[in-house]
Amino acid sequence: MEPVELRSDTFTKPTPEMRRAMAEAVVGDDVWGEDPTANALQEQCAALFGKEAGLFVPSGSMGNEVAIKALTNPGEEVIVEASAHVIEAEVGAPATISQVIVRALPGRRGVFDLDELADAIRLPSRFFTHTSLVCLENTHQGSGGAVVPIEAFRDMAKVARDRGVRVHLDGARIFNASVASGVHVREYAAEVDTLSFCFSKGLGAPVGSMLLGQKEEIERARRVRKMLGGGMRQVGVLCAAAKVALETGIERLADDHANAKRLAAGIAEAWPGSIDPAGVETNILYVYTGDQDAEVTAGALKEKGVLVGPMGARRLRLVTHRDVDAAAIERAIDAFRALG
Ligand code: TLP
């Protein structure tokens with residue numbers, strides 16, 4: 001039997017429909033702006049999010065890093081939530097690619113205290129490091145896929161905007177946020193200068209992310225993407241799969257959220273105190289291993305046919321997605337029970 005793959009929603013495999021679309025994609029040279037499938041997808045996404053333009057990029061990391069470089073100058077400061085992906089899992093890219101200082105401001109489930117945010121922003125002066133960008137993340141991966149409520153999102157963006165500071169959203173899983181909260185992605189997009197989202201996570205495409213913004217920012221981003229080696233020529237083969245993901249992958253995210261809640265409840269019963277099921281809003285859960293080493297625990301679960309991601313010394317991450325159905329969730333719960 002195949003193991004239950006809970007390490008990430010990045011593990012989803014392309015569906016037969018995606019593979020067919022890839023094989024049949026009409027393509028051209030995208031560096032020349034002549035790939036019809038890429039152009040159509042970029043326009044479709046821009047319209048969906050209410051932005052002027054889109055840029056297909058190979059990964060969520062590149063989406064974030066292209067945006068940071070396009071919206072900042074070397075020596076400026078970017079405020080990022082302390083456990084954000086940009087800071088923890090992009091291999092120091094803001095420092096190396098954009099030569100910016102990243103200021104890690106602690107938040108709660110992806111939300112900054114507004115006074116702390118206002119205090120942290122430094123306006124241009126002769127002496128101080130100038131804040132030019134605030135990066136938000138929704139859903140917030142580091143706090144277990146928490147949805148940043150639209151009101152808090154608006155408030156944070158306003159604090160930045162009122163001070164002339166731009167805002168980028170790492171919306172790798174913005175559709176999870178939208179499905180869980182019922183808030184249209186356009187409402188989040190309206191608050192930010194740029195945002196990126198991933199086709200290759202819960203939506204299920206094999207590769208790709210989209211960066212969205214107004215024309216001027218996206219033109220700058222296109223040059224940065226080329227600089228980073230992200231000009232991909234006949235990229236329509238990837239965009240064709242991404243389009244299928246966009247059109248078939250959103251509504252069904254609700255199943256992943258239901259599975260995550262069931263999994264959390266089952267684990268809470270098997271390992272009391274290891275997780276608060278009430279905190280699970282979307283498709284990510286963190287499980288605390290108490291006095292057990294997380295790597296060792298992940299190894300024991302693997303023996304029982306369940307793959308989970310150790311994150312730090314005492315924490316496991318589990319992510320539900322399309323390729324894990326309700327029966328697989330029960331198998332995973334059984335494995336936790338067996339170790340409990
Ligand atoms: N996250 C990966 C790991 O790097 C942690 C995962 O398995 O969840 N923003 C957020 C919030 C993300 O969670 C990720 C990927 C990215 C950006 C980057 O996307 P990729 O992997 O396409 O560069």
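Whatever order the structure lists them in is the order used to number ligands and atoms, beginning at 1. Just so it is clear, the model here is predicted, and its values are computed rather than measured. Because only heavy atoms are used, hydrogens play no part in the values below, and waters and symmetry mates are left out as well, while side chains stay in.
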Peer 1: What is the nearest protein non-hydrogen atom to atom 9 (N) of ligand 1, stated with its residue, atom name and distance?
Peer 2: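 Heavy-atom neighbour on the protein nearest atom 9 (N) of ligand 1: D170 OD2, 2.6 Å.
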Peer 1: At less than 4.0 angstrom from any non-hydrogen atom of R173, what atoms of ligand 1 do you find?
Peer 2: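 Taking each heavy atom of R173 in turn, ligand 1 has 6 (C), 8 (O), 12 (C), 13 (O) under 4.0 Å.
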Peer 1: Less than 4.0 Å between a side-chain N and a carboxylate O, is that true for R233 and D29?
Peer 2: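 Salt bridge present between D29 and R233.
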Peer 1: So, are E187 and R154 salt-bridged, with charged N and O less than 4.0 Å apart?
Peer 2: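 Judged by the 4.0 Å cut-off on N to carboxylate O distance, E187 and R154 do form a salt bridge.
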Peer 1: In terms of atom number and element, which parts of ligand 1 are under 4.0 angstrom from non-hydrogen atoms of G60?
Peer 2: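 With G60 as reference, the close atoms of ligand 1 come out as 18 (C), 19 (O), 20 (P), 22 (O), 23 (O).
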Peer 1: Between F49 and F197, how do the two ring planes meet: parallel, tilted or perpendicular, split at 30° and 60°?
Peer 2: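 Judged by the thresholds at 30° and 60°, the geometry between F49 and F197 is parallel.
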Peer 1: Give the numbers and elements of all ligand 1 atoms closer than 4.0 Å to a heavy atom of Q141.
Peer 2: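 Taking each heavy atom of Q141 in turn, ligand 1 has 11 (C), 13 (O) under 4.0 Å.
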Peer 1: If we set the cut-off at 4.0 Å for heavy atoms, which region of M62 has an atom near ligand 1: side chain, backbone, both, or neither?
Peer 2: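 Answer for M62: neither.
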Peer 1: Go through ligand 1 atom by atom and flag the ones less than 4.0 Å from a non-hydrogen atom of S59.
Peer 2: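 That gives atoms 22 (O), 23 (O) of ligand 1.
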Peer 1: Give a yes-or-no answer on whether the side chains of E90 and H85 include a donor-acceptor pair shorter than 3.5 Å.
Peer 2: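 Yes, H85 and E90 have a side-chain donor paired with an acceptor closer than 3.5 Å.
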Peer 1: Regarding E52 and K215, does a basic nitrogen lie under 4.0 Å from an acidic carboxylate oxygen?
Peer 2: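 No.
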Peer 1: Is D334 paired with R337 through a side-chain N to carboxylate O contact shorter than 4.0 Å?
Peer 2: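 Yes.
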Peer 1: Could you identify the single nearest non-hydrogen protein atom to atom 21 (O) of ligand 1 and state the distance to 0.1 Å?
Peer 2: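 Of every protein heavy atom, K201 NZ, 3.8 Å lies nearest to atom 21 (O) of ligand 1.
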Peer 1: Do E216 and R220 meet the salt-bridge criterion of a basic N to acidic O distance under 4.0 Å?
Peer 2: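 Result for this pair is yes, salt bridge flagged.
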Peer 1: For ligand 1, note which part of R317 has a heavy atom under 4.0 Å away: side chain, backbone, both or neither.
Peer 2: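 Within the 4.0 Å criterion, R317 contacts ligand 1 through side-chain atoms alone.
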Peer 1: Could you identify the single nearest non-hydrogen protein atom to atom 18 (C) of ligand 1 and state the distance to 0.1 Å?
Peer 2: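 Checking every protein heavy atom, the shortest distance to atom 18 (C) of ligand 1 gives H85 CE1, 3.3 Å.
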Peer 1: With heavy atoms of S8 as the reference, note each atom of ligand 1 found under 4.0 Å away.
Peer 2: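 Reading through ligand 1 atom by atom, the close ones are 6 (C), 7 (O), 8 (O).
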Peer 1: Please identify which atoms of ligand 1 are closer than 4.0 Å to at least one heavy atom of S61.
Peer 2: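 Numbered from 1, ligand 1 contributes 18 (C), 19 (O), 20 (P), 23 (O).
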Peer 1: Quick one: do E281 and R109 make a salt bridge, cutoff under 4.0 Å?
Peer 2: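 Salt bridge between E281 and R109, a charged N being under 4.0 Å from a carboxylate O: yes.
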